[in-house]
Amino acid sequence: MIQVPFFSVRDLVVDYGGVRAIDGVHLEINKGEIRGLIGPNGAGKSTFIDAVTGRRIPTAGQVQLGGEDITQLAVVARRMRGVSRSFQRTSIFHDMNVLEQVFLASHQAQAKDPERDAVAILEELDLLQYADWRAGDLGYGQQRRLDLALALVGSPSVLLLDEPMAGLTVTESRDLAQHLKRLARERNVTVLLVEHDMEVVFGISDRVTVLELGKPLAEGTPDEIRANPKVREAYLGSAA
Amino acid sequence: MLHFKYLLWLAVGVLLPQLVGSATLMSLLTQSLIYALFALGVGILLRQCGLVSFGHAAFFGISGYSVALLMRDLELGAASAIVLTLVALAIVAFLLGLVVSRIPGIAFGMLTLAIGQTVYLSALKSRETLGGADGLNINWPSSIFGLDVRLFYDPASMFVISWVVMLVTIYLLDRLFRSRFGSITSAIRDNEERARFIGLHVMLPKAVVYALSAVVSGLAGVLSAIYTGFISPETLHWSVSGTALIMTILGGVRYLWGPILGAIFYFFVKEYVGELTDYWMAMLGAVVIFIVVFAPNGVSGLLMQLQERRQKRKQDVIVRRMEVRS
Ligand SMILES: Nc1ncnc2c1ncn2[C@@H]1O[C@H](COP(=O)(O)OP(=O)(O)O)[C@@H](O)[C@H]1O
Ligand SMILES: [Mg+2]
């Protein structure tokens, strides 16, 4: 049997006017895999997520999910197929209460029991005690986790997370990483994780892709990436 | 419990005309109530979609004209003409909503203003069919929906009729907005992009709210046309849309009864402050500015805040007493 990758992106090109932010990216992720995506600021990581989730239509290339070409689909159509994301700049419903919005997201994602699903996710992310809070009244870290909760409900098939740990303390982010790993495994979710915290990425990813100036620089297991001289030079330079 | 509250308000509405001695006051109240319903239409669009319409007079006025024409030219009965008008209004507004509610903020306001003024000018120009600037006298039959038409002309009984219409409307809207549909529209208003990313189609719900808001304002237009027996382009003028919007902002939209309160407030300022000074509009303007800056939830929001504070104080007293005892 030939193994077809569950999620694949081919020759992706994304332009902002004259600026080429993604320049021919090729990426394949297996079902249930956690893939780290790292690279310096401006490498094109957020743009990549935008193109995959339908926020930006790519100039060229293909996005496939389970063998289906979803490159031209609208955002909602992609979500119906299980493509879900969180945002680098927190994006939640400020005027709604926490449980109500997570429940709505879960319901829209066609969870079998949205109420239970929503409560389970809130519990896992330590937000259950804020269930009846107005989201706008939450603290920064809680809002970050709420953004994540909105993406996690309904067992998405592909989850794209844009720096979910940004702005959290070291302990908080390590803690969140463990929750994330458990949820992904439990629900057999394929994850693309963009994150600045190297310890987190190397700690929970099965494989890691390095992006530089819109082009893939390297790909491999965390150990391989850590040892890759090109990566050390271009990106980990100061840390290594 | 909920139904009890509505029954209580029903009783208030029925009793109020008995208590009001003055005919001027009564007719003022009835007029404010009809405009209150109109403002409620404007208010739900603002509340559920965050959209500010400067053109709702079109829905208010068109429904009057439509009912008049259906009775005069197609010889429909009053009830069928009214029902048909509101159904047609819902459909047209829904289709219009699919287009206009894509347009954000100020541009939406300008577009609705333009549409409203187009309707106004068309009615003004149509001398043959719509009577031009003179408008139309409406020949109502002797009974409407089984009620003697004189009940609609008399301020006291018309007050009760409008009150009932208003209560039923608020009850239905309240149920709708507490349902999933309400959550969906709140989410879209709050953060349209995120709404799409949790899988919500954003245009359809907005168009539905737009249609609802048009029907509620149209219903007010029908009541007004029955009450006055008359319809003219004046009801379509942009300043009428503006008045409804001012009432809505005065009352606040957080609570559905906010625009109702706003309309009553507006008419009382107009009547009683207008008697004292010709500058009542300027004074009202100052009040509106005050509200926009300091009380974004309007008079209704202020009242609820006061009540919450009182309740909290009461609770604090109870807690303190218990502490003393233990
Ligand atoms: N909305 C935009 N308009 C124009 N250029 C943009 C926009 N968003 C990102 N870019 C540019 O595209 C490149 C990739 O940005 P981004 O995807 O945000 O990178 P990353 O997430 O890896 O930091 C950068 O050069 C950035 O300046
Ligand atoms: Mg980024």
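Every chain is numbered from 1, with letters handed out A, B, ... down the list of sequences. Note that the coordinates shown come from a computational prediction; the quantities given were computed from them, not determined experimentally.
In terms of heavy-atom pairs under 4.5 Å with chain A, the best-connected choice from B/E193, B/R189, B/R196, B/R194 is B/R194. For the options A/H94, A/E100, A/R85, A/H107, heavy-atom pairs under 4.5 Å to chain B are most numerous at A/H107.
For A/R78, no part lies under 4.5 angstrom from a heavy atom of chain B. When heavy atoms are compared at a cutoff of 4.5 Å, A/M80 approaches chain B solely by way of its side chain, counted from C-beta outward.
Outside the 6.0 Å centre-distance limit, the rings of B/Y35 and B/Y266 are not counted as a close aromatic pair. B/H3 and B/Y6 have their aromatic ring centers separated by at least 6.0 angstrom.
Checking A/S46, A/S86, A/S91 one by one against A/D162, the side-chain hydrogen bond (donor to acceptor under 3.5 Å, both in side chains) holds for a single residue, A/S46. Of the options A/T190, A/T209, A/D206, a side-chain hydrogen bond (donor to acceptor under 3.5 Å, both in side chains) to A/R35 is made by A/T209 and by none of the others.
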